[in-house]
There are 2 protein chains.
Amino acid sequence: MTSRHDASARPLPLNQILAGDCIEVMNALPEASVDLIFADPPYNLQLRGDLHRPDNSRVDAVDDHWDQFSSFAAYDQFTREWLAAARRLLKPNGALWVIGSYHNIFRVGAELQNQGFWILNDVVWRKSNPMPNFRGKRLTNAHETLIWCSKSEASKYTFNYEALKSLNEGIQMRSDWVLPICNGGERLKDEHGDKAHPTQKPEALLHRVLIGTTNPGDVVLDPFFGTGTTGAVAKMLGRDFIGIEREDGYRDAASKRMARIRRLHAEALATSTGKRAEPRVPFGQVVERGMLRPGEELYSTGNRHKARVRADGSLTGGQIKGSIHQVGARLEGAPSCNGWTYWHFKREGKMIPIDALRQQIRDEMDERPN
Amino acid sequence: MTSRHDASARPLPLNQILAGDCIEVMNALPEASVDLIFADPPYNLQLRGDLHRPDNSRVDAVDDHWDQFSSFAAYDQFTREWLAAARRLLKPNGALWVIGSYHNIFRVGAELQNQGFWILNDVVWRKSNPMPNFRGKRLTNAHETLIWCSKSEASKYTFNYEALKSLNEGIQMRSDWVLPICNGGERLKDEHGDKAHPTQKPEALLHRVLIGTTNPGDVVLDPFFGTGTTGAVAKMLGRDFIGIEREDGYRDAASKRMARIRRLHAEALATSTGKRAEPRVPFGQVVERGMLRPGEELYSTGNRHKARVRADGSLTGGQIKGSIHQVGARLEGAPSCNGWTYWHFKREGKMIPIDALRQQIRDEMDERPN
DNA sequence: CATGACCATGAATCCTGAT
DNA sequence: AATCAGGATTCATGGTCAT
C-alpha cells in the first residue's frame with residue numbers, strides 16, 4: 001500500500017493543486033526536488049474573538065499569560081513542522097520566501113534560523129493603500145514583512161540582479177517594495193460578490209519574487225496556496241508550480257483562476273543579464289589572434305602606468321609580471337583589479353580599453369557557435 | 001554595605017549615564033519606575049572577510065568585540081536576560097522599543113512575546129540613503145526594523161496620535177518611516193575625525209519615538225546608550241533619561257554630547273527636517289490667515305520658554321524680538337534654531353508644533369497650485 | 001560667491017569556478 | 001577540502017578644493 005504522494009514511485013506533480021495538510025503532502029513528495037518555496041502561512045495569533053490554534057482547536061481567551069504561552073507554543077510547533085518539511089523538499093541551492101506580520105513573523109524568522117536556513121534579506125512590502133487604524137490607538141499598519149533565505153549558508157542561490165535593477169529603473173533593487181494591496185479586477189470574488197480569500201496577495205509581489213529569485217523552468221512550491229497567486233504568476237512567467245491547499249473552496253477558486261492564465265512568450269520572459277552571464281575569454285586569445293602583438297605597450301587608466309604584452313598572454317611592467325589583473329592590482333596597490341577595463345592600447349592616437357577586443361571575440365562567438 | 005545602585009536606598013538616577021553591564025545595572029534599579037525603554041542592542045552581525053567597494057576602497061565594518069556572540073544560543077540567552085531586566089524596570093503602563101536588523105530582530109521579537117510583552121506595531125525605518133550592495137548579490141539592505149510593545153496586553157500605553165499626525169502632514173502616521181541615516185554634522189567624530197560610534201542613530205528617529213510614545217517629564221531608559229542619541233533627544237524634548245553604557249569611550253563621548261545638547265539641538269532640528277525642497281512659507285502667512293492670532297502665546301520644545309505672536313509675524317519673548325528662528329536661537333543660546341519645530345501652540349490642552357500649520361498651507365498649495 | 005569636479009563613506013551576514 | 005585566480009560590482013550625501 002503506497003500513500004497518495006509516494007516519494008519513490010511518483011514523479012513530481014507539476015502544475016497541480018494538491019489537496020490536504022501541507023505538512024503531510026510535502027513529506028510525501030521527493031526530497032531535494034524544488035527550487036523555490038513561497039509560503040504565506042496563517043497569521044492566526046492574537047486575533048480577538050476568533051483565535052484558532054493551528055490544529056483548528058479554538059483558544060478561549062488570551063487574558064492570562066499561560067494561555068498566551070500555550071498558543072505561542074502551538075504556533076511554534078506548527079511552524080517547526082512545516083519549515084522542516086519545506087527544507088527537506090528544497091534542492092541544496094534552493095531558497096524559501098515567507099511572508100508575515102508582526103503577529104507571527106518573528107517566530108517564523110527565529111525558527112528558520114534555528115533550522116539552518118540562511119537569511120539573505122528581509123523585505124518590507126510597503127502598502128501604498130493600507131487600511132487605516134480607525135481608532136487612532138496605534139500606527140497605521142502599513143506593511144508586511146517577507147524573509148528571503150537559502151536552504152543553507154553554502155547554497156548558491158538564484159538572484160537575477162540585473163533583472164531587478166531593470167525593474168527599478170536602473171537602480172539596484174532595495175529591500176523595501178512599494179506595492180498596492182490586491183483589489184479591483186485582480187481580487188477574486190465568490191458567487192456572492194464577496195472576496196474569495198481574506199488575504200489574497202497581489203500578483204505584482206509574486207512577480208518581483210519570481211523574476212528576482214527563479215529562472216524559467218524552475219519548480220516553485222506554495223504550501224499555503226490559497227487562491228493561487230503564486231501559481232498564477234509562476235505559470236505566466238514560465239515556471240512550474242506545485243500548490244498545496246487544504247480548503248476545498250480555495251482550491252476550486254484557484255483551479256478556475258489557473259485555467260484563465262496564459263503563459264508569456266519566451267521573448268517576453270527574457271530578462272536583463274550582466275557581464276556575469278557572458279562567456280569567459282582568456283586574455284591569451286587576444287594575443288593568439290593577433291589583435292595585440294607581443295611587445296605592444298598597454299597604458300593604465302589615467303595613463304600613470306605602462307606594461308608590455310608577452311607572447312603567453314601575460315604582462316610585464318617593470319619588475320612585475322603576471323596576468324592583466326595581477327599587474328594592474330600590484331601597480332595600484334589594490335586588492336584586486338579588472339585588467340580588461342584597466343588597460344588600454346593606442347590606435348591612431350586614441351586610447352582604447354582592451355575590453356573592446358574581448359567584446360569583439362564574444363560577438364564572433366555569437367555568430368558562429370562552436 | 002550597599003551596592004552602587006541599591007534599589008531600596010537610592011532614588012532613580014535621572015539624567016545620568018551609568019557605567020557597567022546593562023543587565024546588572026538594571027537589576028539594581030527600583031522596579032516599576034521607568035515609563036519607556038529604548039534599546040538598540042548588538043545585532044550579532046556575522047561578517048566573513050573584508051568587503052571592498054567597486055572603487056577598491058574598504059568598507060569600515062562593524063567588527064567590534066561587543067557584537068561578537070559564539071552562537072544563536074548565546075545571543076538568545078543575552079536577549080532573555082536584558083529583556084527580563086528591562087521588563088522588571090517598566091511601570092505597568094510602560095512600553096519598550098527595540099531596533100534591529102534581520103540578523104537579530106526575529107530572535108528578539110520572539111523572546112519579547114515569550115516574556116509577555118504585547119506588540120503594538122513593528123515599524124520599518126526606511127533609509128533614504130543606505131549603503132548599496134556592492135557586489136550585486138542581494139537586495140540593498142535599505143531598512144531596519146523597530147518593535148514597539150507595551151509591558152503587557154493590559155497596559156494603557158502612551159500614544160500621542162495627533163502629534164504624530166501633525167508630524168506627518170496631517171495624515172495618520174504609518175508603520176514605515178523614511179529617514180536619512182546619521183551623518184554630516186550630527187555624526188559624532190573622535191579626535192582623529194573618525195566616527196565615534198559605528199552605529200549612531202539619527203536624532204530624527206528618536207524624536208519621532210519620543211514625541212509619539214512619551215509625555216514631557218517621562219523617564220526614558222536606554223540600556224545600550226552608546227553615544228547617547230536617546231538621551232540627547234530626551235533632554236531636548238523635556239523628558240528625563242537614564243543611560244547605561246559599558247564602554248568608557250562611548251560614555252565619554254555621550255557625556256560631552258549631553259553637555260552641549262542645546263547647540264546640537266538647534267543644528268539637528270535645522271538639518272533633520274529635510275524640507276529644503278519644499279516651498280518656503282513665511283511665518284507671517286500663518287498670522288495673516290488667522291491660524292494663529294496676534295497676542296497668542298507659543299511654547300518652546302520642552303516648555304522652558306514662552307513667546308507672543310505679533311501682528312507682523314515676529315515674536316516677542318521678554319526683551320527679545322525677532323523672527324521665530326531668531327528668538328528661539330537667542331533663548332537657547334544657540335547659533336541657529338528652526339523656529340518651525342521649536343515653537344508650539346496649545347489646542348485643547350495639547351502642544352502642537354507650528355510646523356503643522358506650515359504644512360497645512362503647503363497642502364493647500366498642492367491642491368490648488370497658484 | 002556660485003558652480004562643479006572629485007572624493008569619502010555608511011549596522012554588510014556581498015563570488016565562483018578550476019585545480 | 002582548501003587554495004588560487006579571474007574579474008564583476010555602488011547610491012546618496014556631505015565636504016573639499018579648483019575654477
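Every chain is numbered from 1, with letters handed out A, B, ... down the list of sequences.
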Would you call B/Glu203 and B/Arg257 a salt bridge, using N to O less than 4.0 angstrom? yes

Taking D/dG7 as the reference, what is the distance to C/dT19 when you measure between their P atoms (whole Å, please)? 14 Å

For DNA chain C, the dot-bracket notation using Watson-Crick and G-U wobble pairs below 3.5 Å, [ ] for pseudoknot-type crossings and | for other-strand pairs, is .|||||||||....|||||

Exercise. Where do A/Trp148 and A/Phe159 land on the ring-ring contact (aromatic ring centres under 6.0 Å, His included) test, with the steps shown first?
Worked result: CA-CA 11 Å; A/Trp148 172 40; A/Phe159 182 56; 5.4 Å; yes

Between CD of A/Glu153 and C1' of C/dA12 the distance, given in whole Å, is 14 Å

Taking only Lys NZ, Arg NE, NH1 and NH2, and the carboxylate oxygens of Asp or Glu, determine whether A/Glu296 and A/Lys346 approach each other closer than 4.0 Å. no

No-hydrogen, no-angle side-chain donor-acceptor test under 3.5 Å, A/Asn121 and A/Arg174: no

Practice task
Using a heavy-atom cut-off of under 4.0 Å over every strand shown, decide if B/Asp40 touches base, sugar-phosphate, or nothing.
Solution key: base

- Task: Using the C1' atom as the reference point in each nucleotide, state the distance between D/dT10 and C/dC7 in Å, no decimals.
- Result: 14 Å

Rounded to whole Å, the NZ-C1' distance (B/Lys195 to C/dA8) equals 12 Å

Expected list for residues 308-315 of chain A near DNA chain C, using heavy atoms below 4.0 Å, is none

### Message
With a 4.0 Å cut-off on N to O distance, would you call B/Arg53 and B/Asp55 a salt bridge?
### Response
no

Exercise for review: Mind telling me whether B/Phe78 and B/Phe69 have parallel, tilted or perpendicular rings, with 30° and 60° as the class edges?
Suggested key: tilted

For a quick check under 3.5 Å, do A/Gln360 and A/Glu364 share a side-chain donor-acceptor pair by atom type?
no

Here the distance between atom P of C/dA11 and atom CG of B/Asp60, to the nearest Å, is 10 Å

Rounded to whole Å, the CG-P distance (B/Leu47 to C/dC14) equals 7 Å

Heavy-atom nearest pair, A/Pro353 first then A/Phe345, reads O-CE2, 3.9 Å

message: Please tell me whether B/His103 and B/Tyr43 form a close aromatic pair, meaning their ring centres lie under 6.0 Å apart.
response: no

### Message
Quick check on C/dT16: is either OP1 or OP2 less than 4.0 Å from any side-chain nitrogen or oxygen of B/Lys137?
### Response
yes

Which of parallel (below 30°), tilted (30 to 60°) and perpendicular (above 60°) describes A/Trp97 and A/Trp177?
tilted

When rounded to whole Å, the NE2 to P distance for the pair B/His197 and C/dA11 reads 11 Å

_What's B/Asp67 touching, base or sugar-phosphate or nothing? Going by heavy atoms closer than 4.0 Å._
base

Rounded to whole Å, the CZ-P distance (B/Arg138 to C/dC14) equals 5 Å

Are any of the side-chain nitrogens in A/Arg126 or A/Asp176 under 4.0 Å away from the carboxylate oxygens of its partner?
-> no

When rounded to whole Å, the CG to P distance for the pair B/Asp50 and C/dC15 reads 12 Å

In 5'-to-3' order, the base (B), backbone-only (S) or no-contact (-) status of each nucleotide in nucleotides 5-12 of chain D, using a 4.0 angstrom heavy-atom cut-off, is SBBBBBBS

Check your understanding: Given the C1' atoms of C/dC1 and D/dT19, what is the spacing between them in whole Å?
Key -> 12 Å

Separation of C/dA12 atom P from B/His143 atom NE2, nearest Å, is 13 Å

*If you measure from the Lys or Arg side-chain nitrogens to the Asp or Glu carboxylate oxygens, is any gap between B/Asp222 and B/Lys201 under 4.0 Å?*
no

